[in-house]
Amino acid sequence: MIAMVDCNSFYASCEQVFRPDLKGRPVAVLSNNDGCIIAKNKEAKALTHIPYRDPLFKIKGLLAQNDVTLFSSNYTLYGDMSDRVMNVLREFSPAVEVYSIDESFVDLSGMTHVDLNAYGHQIKNTIVQRTGIPVGVGIAPTKVLAKLANRISKKVAHFDHVFVMDTEERRIEALNWAETKDIWGLGKKHVERLAHIGVFTAYAFTEVPLAWVRKEMTVVGERLWRELNGESCIPFETLPRKKKAIGTAKSFGKKLDNLPQIEEACAYYISEVSEVLRSQKCCCTQLRVYLTTNYHSTNDVQHADKTIVTLSVPTNDTFMLIVEAKKALKRIYKPGFKYKKVGVDLLGLIPEEQVQGNLFMPEATGDKRLIKAFDAINNRYGKSTVSAGLSGTSKSNKEWELIKEERSPRYTTQWDNLLEIGKG
DNA sequence: TCTGGGGTCCTAGGACCC
DNA sequence: TCTGGGGTCCTAGGACCC
């Protein structure tokens, strides 16, 4: 059996851990740039007339009327809280697959003599006690069924956030309860296609001929179908997979039309992603840069373009990548547009030790000492203690920077706050 | 004025290799 | 006159996840 453990309203719950005064009151967390709502706690979800995707400026009045407390997103805090939750989980099984920031699969296959329902409650209670984060626990024979069990644990009140799918009757009952859209892996398009042939429940989906599923929904659909029928075919992965791409793209705080400002943002993003690349001990063989105007805007003339550079020698050196990115950016930048976002992706990642030099430009592999010193300083004294000048300095006027008006304090990662909490 | 960000997997088609 | 068969790699587009 596999347990799927999922934190409730994770980002909102993280904020509430440090704001007990907000207990019982509606809380919502905002996207980057405070653009729209991306997480709501239970009380905020109950205010059904407040939508997720609407831009903040359109619903600000509504939020104020309902006394909703807003937070800008604080991913450092959520990442830290996530680590705490996952570490508690590891006490319950030697095999834990961290699936996302707020979800894990827990392998319970050895526990044949354990009362799984009681064990599920024990997991749930221990996590909330140690971290303050409420969770739901779904236990079933396959990953897709465990995801469904988790959903039921939360949606059907009398299960009290723990549901075990341990009999064939319960599996059938669960499949009949679930709509196709409730199934992990069935998105909007597939749900529509299934509705077209009269399939609306998970159970009905499991009755669709496999040949149709394979043809219309590829091998991905076939796996879902088999998993729902109780046949496990999505492997359990305890070790985190090596990344295949590392990218970042963030909307600017305001629209920009001049190249130097965009270059500065681009250089800053390159330094962020190349740091991640080095932490994985990898180099990239390709670099993608893209640039877009605000596609929501109906007044502005639109322009979007992208380009991929294949590097003469794979690298993870911030400075070399900035040089390449600037060249790439110049190729796709056209003056006279109001740009909203620049993005960079590092592609074709290979382990550092597999980098092959270039016969014609042996010096292209660069001097590793500088970048090593660079990382050592930033690891010791904090992010951006030293940075590439091209990515802007603390004194430069970074018009591209994100807006975060409501960010909570760095409760778990800033020394002053740790001291305060220590005193408390 | 203001509308998120970071990923993965699969397939088809084109270009190319011997 | 007659023009194969077995592959790989890359890219774009689609679909999905949190």
Side-chain angles (χ1 to χ4, degrees), chain A residues 4 6-7 9-11 28-39 51-61 63 70-75 78-79 82 97-105 143-144 147 150-151 180-194 213-224 234-235 237 240-256 269 272-273 276-277 280 285-286 288 290 292-300 306-308 310 338 340-349 399 402-406:
Chain A
M4 155 46 55
D6 181 328
C7 302
S9 316
F10 184 57
Y11 296 167
V29 177
L30 304 171
S31 67
N32 273 343
N33 270 326
D34 295 348
C36 63
I37 292 174
I38 54 169
Y52 275 95
R53 296 288 162 170
D54 276 18
L56 183 64
F57 69 90
K58 280 195 187 164
I59 55 171
K60 237 177 173 162
L63 292 165
L70 296 176
F71 290 93
S72 298
S73 38
N74 184 347
Y75 292 105
Y78 312 148
S82 174
E97 175 182 336
V98 177
Y99 175 70
S100 76
I101 195 163
D102 72 332
E103 289 174 47
S104 269
F105 290 104
K143 280 186 169 179
V144 178
K147 281 286 273 190
N150 182 286
R151 188 179 180 84
T180 44
K181 69 173 169 51
D182 298 331
I183 299 301
W184 179 47
L186 290 186
K188 201 166 164 242
K189 296 283 173 182
H190 287 328
V191 167
E192 276 171 17
R193 222 168 290 169
L194 286 166
V213 174
R214 174 74 200 212
K215 184 162 171 286
E216 300 295 323
M217 301 167 67
T218 77
V219 68
V220 180
E222 175 167 351
R223 275 200 286 262
L224 285 179
I234 301 177
E237 297 176 70
R241 271 191 264 178
K242 282 262 176 208
K243 281 197 197 306
K244 295 177 177 172
I246 299 169
T248 192
K250 285 174 274 246
S251 299
F252 305 133
K254 57 192 240 188
K255 292 179 203 163
L256 296 178
Y269 297 160
E272 282 188 326
V273 291
V276 176
L277 187 64
Q280 306 228 334
T285 57
Q286 288 186 316
R288 175 163 58 201
Y290 55 98
T292 68
T293 48
N294 183 359
Y295 56 85
H296 292 294
S297 168
T298 45
N299 311 328
D300 297 327
K306 61 177 186 299
T307 182
I308 294 186
T310 299
K338 292 176 183 161
K340 185 59 184 169
K341 187 196 281 191
V342 68
V344 297
D345 290 315
L346 306 181
L347 310 169
L349 310 190
E399 302 205 44
L402 293 175
I403 297 165
K404 281 185 187 256
E405 285 183 351
E406 317 282 350

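Note that these values count all heavy atoms, side chains included, but never hydrogens, waters or copies made by symmetry. Convention: sequence-line order gives letters A, B, ...; per-chain numbering from 1.
- Rounded to whole angstrom, the span from the CZ atom of A/Arg151 across to the P atom of C/dC18 amounts to 10 Å.
- Each of A/Tyr75 and A/Arg214 was matched to the nucleotide of DNA chain B holding its nearest heavy atom; the match closer to the 5' end belongs to A/Tyr75.
- A/Leu346 places its CG atom 13 Å from the C1' atom of B/dG6, with the value rounded to the nearest Å.
- As judged by a 4.0 angstrom heavy-atom cut-off over every strand, A/Ile308 is placed among residues making no nucleic acid contact.
- Taking 4.0 angstrom as the limit, A/Lys244 places a side-chain polar atom (N or O) nearer than this to OP1 or OP2 of B/dC9.
- Ranking C/dC18, B/dT8, B/dC2 by closeness to the A/Asp102 side chain, first place goes to C/dC18.
- When all heavy atoms are compared, the tightest approach of A/Val191 to A/Lys181 is CG2-CA, 3.7 Å.
- Across all strands, A/Ile246 comes closer than 4.0 Å only to sugar-phosphate atoms, never to a base (heavy-atom distances).
- For the pair A/Arg288 CZ and C/dG13 P, the interatomic distance rounds to 12 Å; values are reported in whole Å.
- Taking each heavy atom of A/Gly343 and A/Ala249 in turn, the nearest pair found is CA-CB, 3.6 Å.
- Residue A/Arg223 places its side chain closer to B/dC9 than to any other of B/dT11, B/dC9, B/dC2.
- A/Phe105 and A/Trp184 have tilted rings, their planes meeting at an angle from 30° to 60° on a 0 to 90° scale.
- The side chain of A/Tyr99 lies closest to C/dC17 when the candidates are B/dC9, C/dC17, B/dC10.
- Minimum atom distance to the side chain of A/His190 is reached by C/dC16, of the listed C/dC16, C/dC18, B/dG7.
- The side chain of A/Arg193 has C/dA15 as its nearest neighbour among B/dG7, C/dA15, B/dG5.
- Considering only the side chain of A/Trp184, C/dC17 comes nearest among B/dG5, C/dC16, C/dC17.
- Atom P of nucleotide C/dC17 and atom CD1 of A/Ile38 are separated by 18 Å, given to the nearest angstrom.
- Within 4.0 Å of A/Asp54, counting heavy atoms only, lies no atom of the nucleic acid at all.
- Of the listed nucleotides (B/dG4, B/dG7, C/dC18), C/dC18 has the atom at the smallest distance from the side chain of A/Lys147.
- Atom-to-atom, CD of A/Glu216 to C1' of C/dG14 comes out at 14 Å; the value is rounded to the nearest Å.
- Shown here for A/Lys243 and A/Leu349, the closest heavy-atom pair between the two residues is O-CD1, 3.6 Å.
- For the pair A/Phe252 CZ and B/dG4 C1', the interatomic distance rounds to 14 Å; values are reported in whole Å.
- Ranked by how close their nearest DNA chain B nucleotide is to the 5' end, A/Val276 and A/Gly253 are led by A/Gly253.
- Of all nucleotides listed (B/dG5, B/dC10, C/dT11), B/dC10 comes nearest to the side chain of A/Val220.
- Among the atoms of the strands shown, only primed sugar atoms or phosphate atoms (P, OP1, OP2) are found under 4.0 Å from some heavy atom of A/Lys255.
- Checked against B/dT8, C/dC18, B/dT3, the side chain of A/Ala245 finds its nearest nucleotide in B/dT8.
- Minimum heavy-atom separation, A/Asn150 to A/Met4: ND2-O, 2.9 Å.
- Taking both residues in full, the closest heavy atoms of A/His190 and A/Glu216 are given as CE1-O, 4.2 Å, listed atom of the first, atom of the second, then distance.
- No salt bridge links A/Asp300 with A/Lys340; every basic N to acidic carboxylate O contact stays at or beyond 4.0 Å.
- Contacts of A/Lys188 with the nucleic acid, taken as non-hydrogen atoms under 4.0 Å apart, involve only primed sugar atoms and P, OP1 or OP2.
- Taking atom P on both B/dT3 and C/dC18, the two are 25 Å apart, rounded to the nearest angstrom.
- The side chain of A/Lys341 places no N or O atom within less than 4.0 Å of a non-bridging phosphate oxygen (OP1 or OP2) of B/dT3.
- Across all strands shown, B/dA12 is found opposite C/dT11 as a Watson-Crick or G-U wobble partner, with both distances under 3.5 Å.
- Rounded to a whole Å, the CG atom of A/Leu347 is 12 Å from the C1' atom of C/dT11.
- Contacts of A/Ser297 with the nucleic acid, taken as non-hydrogen atoms under 4.0 Å apart, are absent.
- Nearest to the side chain of A/Lys340, among B/dG5, C/dA15, B/dC2, sits B/dC2.
- Using a 4.0 Å heavy-atom criterion, one finds that A/Lys60 contacts no nucleic acid atom at all.
- Across the protein-nucleic acid pair, A/Met217 atom CE and B/dC9 atom P stand 18 Å apart, rounded to whole Å.
- Within the 4.0 angstrom heavy-atom criterion, no nucleotide atom of any strand lies near A/Asn33.
- Within the 4.0 Å cut-off from OP1 or OP2 of B/dG5, at least one side-chain nitrogen or oxygen of A/Ser251 is found.
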